[in-house]
Number of protein chains: 2
Amino acid sequence: MTTATIRDVARKAGVGVGTVSRVINGSPAVSQATRQKVLDAIETLDFSPNLVARRLSLGKTQTIGVIVPYFTNPSVVERLRGVVSVIAASDYDMVLFDVETVVRRETCLRDVPRRRQVDGLLIVSLELTDEEVDRLDRSDIPTVLVDARHPDLNQVIVDNVQGGYIATKHLIELGHRRIGYISDFLNDPFNSPVRDRYTGYYKALAEVGISLRPDYHRQALHGRDEARKMTHDLLDLQDPPTAIFAYSDTQAIGVLEAARERALNVPADLSVIGFDDIEAAEYLNITTIQQALFDSGVRGSKLLLELMSASFPTPRKILLPTKLIKRRTTASPREVAG
Amino acid sequence: MTTATIRDVARKAGVGVGTVSRVINGSPAVSQATRQKVLDAIETLDFSPNLVARRLSLGKTQTIGVIVPYFTNPSVVERLRGVVSVIAASDYDMVLFDVETVVRRETCLRDVPRRRQVDGLLIVSLELTDEEVDRLDRSDIPTVLVDARHPDLNQVIVDNVQGGYIATKHLIELGHRRIGYISDFLNDPFNSPVRDRYTGYYKALAEVGISLRPDYHRQALHGRDEARKMTHDLLDLQDPPTAIFAYSDTQAIGVLEAARERALNVPADLSVIGFDDIEAAEYLNITTIQQALFDSGVRGSKLLLELMSASFPTPRKILLPTKLIKRRTTASPREVAG
DNA sequence: CTGAAAGCGCTAACAA
DNA sequence: TTGTTAGCGCTTTCAG
């Protein structure tokens with residue numbers, strides 16, 4: 001079936017295409033009678049305006065691009081849920097770019113703005129280089145970062161330093177002195193949260209005069225299994241930590257697995273605290289640091305929508321707080337509790 | 001910054017727009033010298049073709065629409081991961097339509113095809129009425145259903161009857177005779193998996209002469225908490241079930257919660273089996289029926305890609321099997337194991 | 001091999 | 001109030 005065009009409607013209704021366009025777009029400058037004729041023609045032809053043509057003519061795509069890395073990461077998905085919830089309710093379509101490789105990252109970041117594919121861009125959990133930001137600026141496509149920082153861009157971020165601090169402090173207050181931290185690679189230039197949480201960890205330790213033990217910090221690629229292995233390494237130490245702070249809940253689950261493999265009782269033998277408060281953390285009763293994942297997506301897309309209707313003079317930053325959620329994987333260490 | 005157009009490039013290179021177009025599209029009918037001139041102009045102007053214009057001209061959107069209900073549902077997300085993985089690697093953009101309300105369902109299903117927004121449509125876990133399918137057919141946009149059935153459409157589905165059967169059979173073989181089933185509403189016209197799994201449950205019971213006890217089947221809206229409540233109802237019965245088959249892992253988690261609230265030991269006091277094998281099921285060691293969630297997304301999008309390049313004479317159906325994953329929430333009932 | 005020109009379906013400015 | 005027309009930026013004949 002070949003779809004009806006505005007021209008077919010015009011012919012059928014015996015009017016010009018301009019008039020049809022006016023009716024479609026609800027212009028008041030059409031007489032009741034003509035409007036009705038056009039409406040009838042639209043009805044019988046089952047006409048609906050071709051969006052692509054409309055977009056070209058308007059110079060607007062009515063589309064928001066969302067770039068996410070690792071669609072496999074539960075916290076990214078949770079943010080995305082927030083994004084979806086507001087975009088679905090808006091007049092915009094949402095096109096999703098999943099970035100898993102460096103090549104794809106580059107093509108997305110370069111081509112999407114340049115080809116005028118989208119009216120606005122939301123970038124989730126992906127840190128940009130200055131050069132990339134420059135190019136973005138030049139394309140003047142409104143852009144908002146969620147869970148990623150850059151001085152020149154609008155962003156919704158979480159206070160990771162505070163989160164790392166709270167987590168570590170919680171363990172210290174329970175009486176732990178030997179506290180490990182397992183995380184993604186600290187030197188990943190695109191992952192500031194890892195560093196920030198580490199900073200918080202460090203701050204809390206320093207505050208009470210516990211000196212940093214480099215061997216208590218392990219890093220690897222993100223993942224449950226990697227975390228499991230790092231935990232074993234940590235527990236193989238002469239004087240192993242009595243508590244482990246995991247960079248993410250996913251990793252905390254790996255820690256728990258390692259503990260189980262060694263028949264270690266959590267929290268009696270080993271305290272574990274995660275980060276994110278994903279759903280699984282609740283199921284598994286993992287003590288964790290909650291960050292507003294869903295909400296960060298909501299706030300980010302709302303900010304973008306605002307930005308698209310009226311650009312701000314200077315980039316706006318929204319900082320979301322974190323919160324300790326005490327559950328069953330943390331307790332005082334044996335030597336203290338006993 | 002106003003982006004360069006093909007005309008700017010043509011002027012700069014001193015050629016016609018047609019030639020530029022040929023270069024962009026890799027037509028061999030351009031001399032090496034001209035090609036180089038054009039390439040240079042493109043380079044200096046940082047030109048990239050406007051996608052919307054290209055789409056209008058070609059009459060193709062280079063876009064695949066994906067309609068999903070309940071982006072909150074972990075198994076839907078898992079399928080989506082599969083979809084994303086193949087679309088991201090193709091030349092198509094993916095636009096995501098999240099459908100949470102009836103109104104949105106209707107607008108999506110009606111407008112997306114009619115407005116020529118997409119070249120192909122993937123519908124996940126959403127069952128269509130005949131009328132909706134008719135309209136889809138008339139729009140002749142290639143469509144594939146994932147986890148949803150319809151006689152006239154291409155589809156990737158899972159053998160839910162078999163899954164329900166396997167689950168129930170497993171419990172029977174462990175010695176259970178009083179087996180409950182908690183699920184979404186059976187009479188939801190858009191949710192055939194609920195009915196199918198129920199059919200499997202029924203078949204397995206009938207096979208060994210256990211008569212169906214209506215009070216052993218509870219239904220409610222999907223959700224963990226609803227499942228928790230249904231479980232309490234079941235356990236309040238005079239002779240409560242010794243095993244519960246939950247329609248989904250999410251619901252199985254609710255069952256587990258109820259058991260914990262009653263200080264019931266799982267699996268000693270109560271066996272629980274779920275369905276889907278989402279990640280949480282693994283963490284929580286829930287015995288479940290695995291279905292190829294990710295794979296269903298992969299298969300569905302590949303089928304769609306195929307369909308878009310050459311339509312099939314008759315709708316294709318891919319049936320994915322299910323598999324029992326034994327973990328720690330099922331065991332023989334006390335009276336038998338005793 | 002290359003340029004000119006006619007669309008793709010719509011919007012909006014301009015006349016009438 | 002309405003019809004006509006010139007684009008939007010690209011692709012693709014059709015001549016040459």
Side-chain angles (χ1 to χ4, degrees), chain A residues 1-39 41-42 45-63 91 111 113-119 139, chain B residues 1-39 41-42 45-63 91 111 113-119 139:
Chain A
M1 183 197 80
T2 157
T3 343
T5 75
I6 200 173
R7 200 137 36 208
D8 300 324
V9 176
R11 196 175 312 128
K12 181 120 202 159
V15 301
V17 291
T19 305
V20 177
S21 176
R22 282 179 207 111
V23 172
I24 295 171
N25 296 293
S27 154
V30 183
S31 78
Q32 201 38 246
T34 341
R35 179 183 307 278
Q36 199 44 247
K37 272 194 301 185
V38 173
L39 253 19
I42 288 179
L45 292 174
D46 190 33
F47 164 82
S48 186
N50 177 314
L51 267 201
V52 177
R54 183 157 211 272
R55 285 167 178 175
L56 177 60
S57 183
L58 287 173
K60 293 191 183 304
T61 61
Q62 287 294 336
T63 296
D91 286 333
D111 290 344
R114 218 165 43 138
R115 318 185 86 177
R116 319 262 90 175
Q117 263 187 84
V118 301
D119 291 345
S139 78
Chain B
M1 186 196 77
T2 156
T3 343
T5 74
I6 199 174
R7 199 138 35 208
D8 301 324
V9 176
R11 197 175 312 128
K12 182 121 203 158
V15 301
V17 291
T19 304
V20 178
S21 176
R22 281 178 207 111
V23 172
I24 296 170
N25 297 293
S27 154
V30 182
S31 77
Q32 199 40 246
T34 334
R35 180 184 306 278
Q36 199 46 248
K37 273 195 299 185
V38 173
L39 253 19
I42 289 179
L45 292 174
D46 190 33
F47 164 82
S48 185
N50 178 313
L51 266 202
V52 178
R54 183 154 211 274
R55 285 167 178 174
L56 178 61
S57 183
L58 287 174
K60 293 191 183 306
T61 61
Q62 287 294 338
T63 296
D91 286 333
D111 290 343
R114 216 166 42 138
R115 317 186 86 178
R116 319 263 88 174
Q117 263 187 83
V118 299
D119 291 343
S139 78

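Remember, it's a predicted structure, so these values are computed and weren't measured experimentally. Side-chain atoms are counted along with the backbone in the values below, which use heavy atoms only and exclude waters and symmetry mates.
A straight line from CD of Q117(B) to P of dC8(C) spans 21 Å, rounded to a whole angstrom. To the nearest angstrom, P of dT1(D) lies 11 Å from CD of Q32(A). Atom CZ in R11(A) sits about 12 Å away from atom P in dT4(D), given to the nearest Å. Here the C1' atom of nucleotide dG3(D) and the CZ atom of R35(A) are 17 Å apart, to the nearest Å. Between L51(B) atom CG and dC8(C) atom P there is a gap of 21 Å when expressed in whole angstrom units. Taking atom CG on L58(B) and atom P on dC8(C), their separation rounds to 13 Å, with Å as the unit. Note: CG (N50(A)) to C1' (dC8(C)) measures 8 Å, nearest angstrom. Nucleotide dA12(C) holds its P atom 10 Å from the NZ atom of K60(A), rounded to whole Å.
The nucleotide whose nearest atom lies closest to any side-chain atom of T5(A) is, among dG9(C), dT2(C), dG9(D), dG9(C).
Counting only heavy atoms from C-beta outward, the side chains of T34(A) and T19(A) approach each other to under 4.5 Å. Within the 4.5 Å cutoff, side-chain heavy atoms of R55(A) are placed close to those of Q117(B). Put simply, the side chain of V9(B) does not reach to within 4.5 Å of the side chain of I24(B), judged on heavy atoms.
Close to dT11(D), at under 4.0 Å from its OP1 or OP2, lies a side-chain N or O of R54(B). Contact annotation: S31(A) side-chain N/O to dT2(D) OP1/OP2 distance is under 4.0 Å. In this structure, R7(B) reaches the dC8(D) phosphate: one of its side-chain N or O atoms is under 4.0 Å from OP1 or OP2. Remark: R115(B) is not in phosphate contact with dG9(C), judged by side-chain N or O atoms under 4.0 Å from OP1 or OP2.
A heavy atom lying under 4.0 Å from DNA chain C marks the following residues of residues 17-29 of chain A, by number: G18(A), S21(A), R22(A), N25(A).
Every residue two or more places apart in sequence or in another chain that forms a salt bridge (Lys or Arg N to Asp or Glu O under 4.0 Å) with R11(B) is listed here: D8(B).
Residue D91(A) qualifies as open at atom CG: its count of foreign heavy atoms under 6.0 Å is 12 or below.
At a threshold of 4.0 angstrom between heavy atoms, the contacts of L56(B) include nucleobase atoms, whether or not backbone atoms are also involved.
Considering CZ of R54(B) and OG of S48(B), their distance stands at 10.0 Å, rounded to 0.5 Å. Considering CG of D111(B) and CG of L51(A), their distance stands at 8.5 Å, rounded to 0.5 Å.
If one axis is set at each end of the helix from dC1(C)-dG16(D) to dA16(C)-dT1(D) from five pairs, those axes are 50° apart, to 10°.
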